[in-house]
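These notes are about the structure you will find just below.
On a predicted model such as this, the values are computed, not experimentally measured, just so you know. We count ligands from 1, going down the list as the structure has it; atoms in each ligand are counted the same way.
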Amino acid sequence: MKKVLFVLTALMVVIVCMMGCDFHPATYLKVSPNSISAAKMGKTTSINIDTDGRKWSVKQHPDWADVSQNGNKLFVEVQPNHTGMNREGTIIITSSKQVAYVNVRQNGLATSFAPTDTRIHFDKNGGNKSLYMSSDGGQWKASTEDDWLTVYSYKNDYSVTIYCKKNTGDYRKGKVTVQEDNIHLNIEVTQGGTCDICHGSGQASCGFCGGIGRIYYGIYSSPCPSCGGYGSYRCVTCGGTGERE
Ligand SMILES: [Zn+2]
Ligand SMILES: [Zn+2]
């Protein structure tokens, strides 16, 4: 009976030690980097964990920063921040009695846009064109006040598609605005049509003689030196074609 008791006790000691004893306590624990700075849209980062301890674990992390362990790496996934406020938190990592901290900061507002282009041109037939668009906030909206334009935003593939109607009038300019929090970006849209300077005539009235072709000095007059007496000259905007593409 005593022998059985001894064996049982020994077995208990072994089990307890396997569960809780740390025969080789860590003498150091380093994390790199020890701070994370994330934009409003969030970020995934890996942190290197350097320790001589047998194992390490995360004791605390902000509920908006998910953590997962793999070998000597800690993956931190900072979630998008929709609170409208900057936030800050700490991840606490331990190995035996060693403790290390990772500071996590995140913006609450978008700070910049990354467009591929801020100018789009259509010919008079219209159509649609897309451009790449993203912000560090990830919640931008695109809109327009021009009735000849329609805008669709596709956040999944980070693009804005602009639909443009056919133009039966003058060359025109419009605007698409991309907005998020306190930042905005204007995309200039132009469309070909009848020349907006000469309205299709191909001729522009001479500003020097007021379009009459002659310059008067009292009762005398002479042909206008600017337009050569024609009162008008070929429109430089459309090159005289009356069309502006
Ligand atoms: Zn013209
Ligand atoms: Zn003139």
Side-chain angles (χ1 to χ4, degrees), residues 39-41 109-245:
K40 175 186 170 185
M41 74 187 300
L109 302 174
T111 63
S112 65
F113 286 115
T116 43
D117 216 338
T118 53
R119 280 171 183 225
I120 295 277
H121 180 73
F122 290 94
D123 65 22
K124 65 181 177 187
N125 296 317
N128 68 81
K129 288 184 181 181
S130 296
L131 56 87
Y132 172 85
M133 173 63 61
S134 71
S135 71
D136 65 353
Q139 281 191 305
W140 49 270
K141 284 193 179 75
S143 62
T144 183
E145 288 176 3
D146 294 292
D147 60 4
W148 48 281
L149 297 174
T150 313
V151 188
Y152 289 98
S153 340
Y154 300 101
K155 292 190 189 70
N156 292 338
D157 64 354
Y158 300 104
S159 71
V160 174
T161 300
I162 300 168
Y163 289 82
C164 177
K165 287 182 184 167
K166 192 180 167 85
N167 188 7
T168 53
D170 280 0
Y171 175 96
R172 54 190 173 182
K173 286 182 184 173
K175 191 172 76 174
V176 169
T177 302
V178 185
Q179 168 92 38
E180 182 169 359
D181 300 328
N182 304 323
I183 57 170
H184 76 277
L185 177 84
N186 290 330
I187 298 164
E188 186 187 284
V189 184
T190 49
Q191 185 179 22
T194 308
C195 176
D196 54 323
I197 303 302
C198 66
H199 303 290
S201 70
Q203 302 289 312
S205 178
C206 176
F208 194 77
C209 62
I212 54 176
R214 298 191 76 80
I215 302 291
Y216 287 87
Y217 314 94
I219 57 165
Y220 303 102
S221 73
S222 65
C224 169
S226 181
C227 61
Y230 295 104
S232 63
Y233 48 81
R234 199 167 68 174
C235 173
V236 291
T237 302
C238 62
T241 63
E243 290 282 315
R244 188 173 174 191
E245 271 312 319

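With 2.8 Å as the limit, C235 counts as an N, O or S neighbour of the Zn ion (ligand 1).
Residues G211 and S205 approach most closely at CA-OG, 3.6 Å, considering heavy atoms.
Using modelled atom types and a 3.5 Å distance limit, the side chains of T161 and N128 yield no donor-acceptor pair.
Geometry note: the Zn ion (ligand 2) is the vertex, C224 SG and C209 SG are the arms, and the angle is 110° (rounded to 10 degrees). Between the SG atom of C238 and the SG atom of C195, the angle taken at the Zn ion (ligand 1) works out to 120° after rounding to 10°.
Looking at K40 and D181, a side-chain N of the basic residue comes within less than 4.0 Å of a carboxylate O on the acidic one, giving a salt bridge.
Here the side chains of W148 and C164 are in contact, with some heavy-atom distance below 4.5 Å.
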